[in-house]
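A short write-up of the structure that comes next.
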Amino acid sequence: NIFLLDKKILAENILKKFPHAREAAVVKHLPQQVNILVDEREPFAVFCESEGKCFFIDEMGIIFEETQEMEGKMIIKKDIAKEAILGGNSVSKDIMEAISRIKNELEKNFQIHVAQVLINDLLIFKTSEGWAVYVDPTASMNAQITKLNVVLRDEIPLATRKGIQYIYLQYKDKAYYK
């Protein structure tokens, strides 16, 4: 019966049952029509557990589909062994935002792609050029991004950039690289 249908409960059940759904809206059109509108999650990266199972993860840190497809995708790994649950938040929104900002800065300003991110006390970005960037997720992301931009633009010329091993951004006043 359309009159007994609870739109809010139906929308919540859709989100619980279908991890691909980011948002669901139910609209009643009396006397006998119900429209269900679903907004799907888009893969931001591939999230891999320590046991080797991998999932698509969206920009909010929600995993939503098991996958073996990793070629050309950024891979996010987490040191802490916690079983991933489809539709569950495997990486906090703040960490995902930090990952997105660093990834976008490297791609937009320097055409450097992030191949992998390891999450532990630090965020360790492995670039397509073979070197790493160490970021402190608890410190100011704006300051660390500024240091990254200055180091890559002013201190490490493009010709020698592929020869470096790492850039440490987590120290307060300076960025170190080798």
Side-chain angles (χ1 to χ4, degrees), residues 5-27 34-109 112-128 132-148 166-172:
L5 176 70
D6 188 326
K7 299 185 299 185
K8 184 177 177 184
I9 291 175
L10 180 57
E12 288 171 358
N13 286 338
I14 290 169
L15 293 176
K16 285 179 192 172
K17 182 117 175 138
F18 301 100
H20 274 83
R22 184 166 49 116
E23 292 180 28
V26 178
V27 180
V34 175
N35 288 347
I36 299 173
L37 307 167
V38 176
D39 186 18
E40 289 188 63
R41 296 183 189 283
E42 294 291 326
F44 173 75
V46 174
F47 176 81
C48 293
E49 293 182 314
S50 55
E51 299 88 45
K53 286 174 72 175
C54 296
F55 305 88
F56 284 128
I57 189 168
D58 73 358
E59 72 282 348
M60 303 300 284
I62 308 294
I63 60 168
F64 59 93
E65 178 184 344
E66 194 167 344
T67 186
Q68 299 298 321
E69 178 187 335
M70 290 190 243
E71 192 169 323
K73 307 257 191 277
M74 179 174 65
I75 298 171
I76 298 175
K77 294 184 176 184
K78 203 169 182 182
D79 250 1
I80 302 162
K82 179 183 169 190
E83 186 176 342
I85 299 168
L86 285 178
N89 194 324
S90 293
V91 179
S92 75
K93 183 180 175 186
D94 293 339
I95 296 293
M96 290 301 293
E97 186 175 301
I99 291 170
S100 179
R101 289 188 63 198
I102 295 288
K103 176 184 178 290
N104 290 340
E105 283 293 320
L106 287 170
E107 287 178 354
K108 180 179 74 174
N109 296 336
I112 299 170
H113 298 285
V114 175
Q116 181 177 324
V117 180
L118 176 62
I119 301 171
N120 55 30
D121 292 339
L122 299 173
L123 299 177
I124 304 169
F125 294 80
K126 305 254 174 145
T127 69
S128 57
V133 178
Y134 291 78
V135 176
D136 182 354
T138 62
S140 166
M141 199 53 57
N142 289 337
Q144 292 180 89
I145 288 172
T146 300
K147 287 189 285 187
L148 178 64
Y166 59 79
I167 299 174
Y168 284 111
L169 300 175
Q170 72 267 27
Y171 301 115
K172 189 171 187 159

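Everything numeric here is computed off the predicted structure, so don't read it as measured data.
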- Message: Walk me through whether Phe64 and Arg22 qualify under side-chain contact (heavy atoms from CB on, under 4.5 Å).
- Response: CA-CA 9 Å; Phe64 59 93; Arg22 184 166 49 116; over 6 Å; no
- Message: Would you say the ring centers of Tyr168 and Tyr134 fall short of 6.0 Å from each other?
- Response: yes
- Query: Would you say Lys78 and Phe47 make side-chain contact, with heavy atoms under 4.5 Å?
  - Reply: yes
- Going from CG on Leu148 to CD1 on Ile167, what distance comes out if it is rounded to the nearest 0.5 angstrom? 5.5 Å
- Task: For atom CD of Glu42, decide whether the heavy atoms of other residues, nucleotides or ligands shown that lie under 6.0 angstrom number more than 12.
- Result: no
- Note on the structure: Heavy-atom nearest pair, Asp6 first then Lys8, reads OD1-N, 3.1 Å
- Message: Take a 6.0 Å sphere around CD1 of Ile85 and say whether it holds more than 12 heavy atoms from other residues, nucleotides or ligands.
- Response: no
- Message: Would you compute the distance between atom CD1 of Ile63 and atom SG of Cys48 and round it to the nearest 0.5 angstrom?
- Response: 10.5 Å
- With rounding to the nearest 0.5 Å, note down the distance linking OG1 in Thr138 to CG in Asp94. 11.5 Å
- Message: Going by the rule ring pair (Phe, Tyr, Trp, His ring centres under 6.0 Å), which residues pair with Phe18 if we only count those two or more places apart in sequence or in a different chain?
- Response: none
- Note on the structure: Closest non-hydrogen contact found for Phe125 with Leu123 is CE1-CB, 3.7 Å
- Query: Do Glu40 and His20 come within less than 4.5 Å of each other through their side chains, counting heavy atoms only?
  - Reply: yes
- Approximate separation, where rounding is to 0.5 Å, of Ile119 CD1 and Ser92 OG: 7.5 Å
- Message: Around atom CD of Glu97, are there more than 12 heavy atoms from other residues, nucleotides or ligands closer than 6.0 Å?
- Response: no
- If you draw a 6.0 Å radius around CG in Asp121, do more than 12 non-hydrogen atoms from other residues or ligands fall strictly inside? no
- CD1 on Ile99 to CD1 on Ile57, rounded to 0.5 Å: 7.5 Å
- In short, Val46 meets Met70 closest at the heavy-atom pair CG1-CG, 4.0 Å
- Item | Spatial distance of atom CG (Leu10) from atom CG (Leu15) [nearest 0.5 Å] | 9.5 Å
- Task: Compare every heavy atom of Met96 with every heavy atom of Phe44, then report the nearest pair and how far apart it is.
- Result: CD2-CE, 3.5 Å
- Under 3.5 Å: donor-acceptor pair, side chain of Thr146, backbone of Asn142: yes
- Is there a donor-acceptor contact under 3.5 Å from the side chain of Gln144 to the main chain of Asp136? yes
- Message: Determine whether a donor-acceptor pair (N or O, by modelled atom type, separation under 3.5 Å) exists between the side chain of Lys126 and the backbone of Gln116.
- Response: no
- Query: Between Pro19 and Gly87, what is the shortest heavy-atom contact and its length?
  - Reply: CB-N, 3.8 Å
- Closest heavy-atom contact between Pro137 and Leu122? CD-CA, 3.9 Å
- Task: Evaluate the side-chain proximity of Val135 to Met141: yes if any heavy-atom separation is below 4.5 Å, no if none is.
- Result: yes
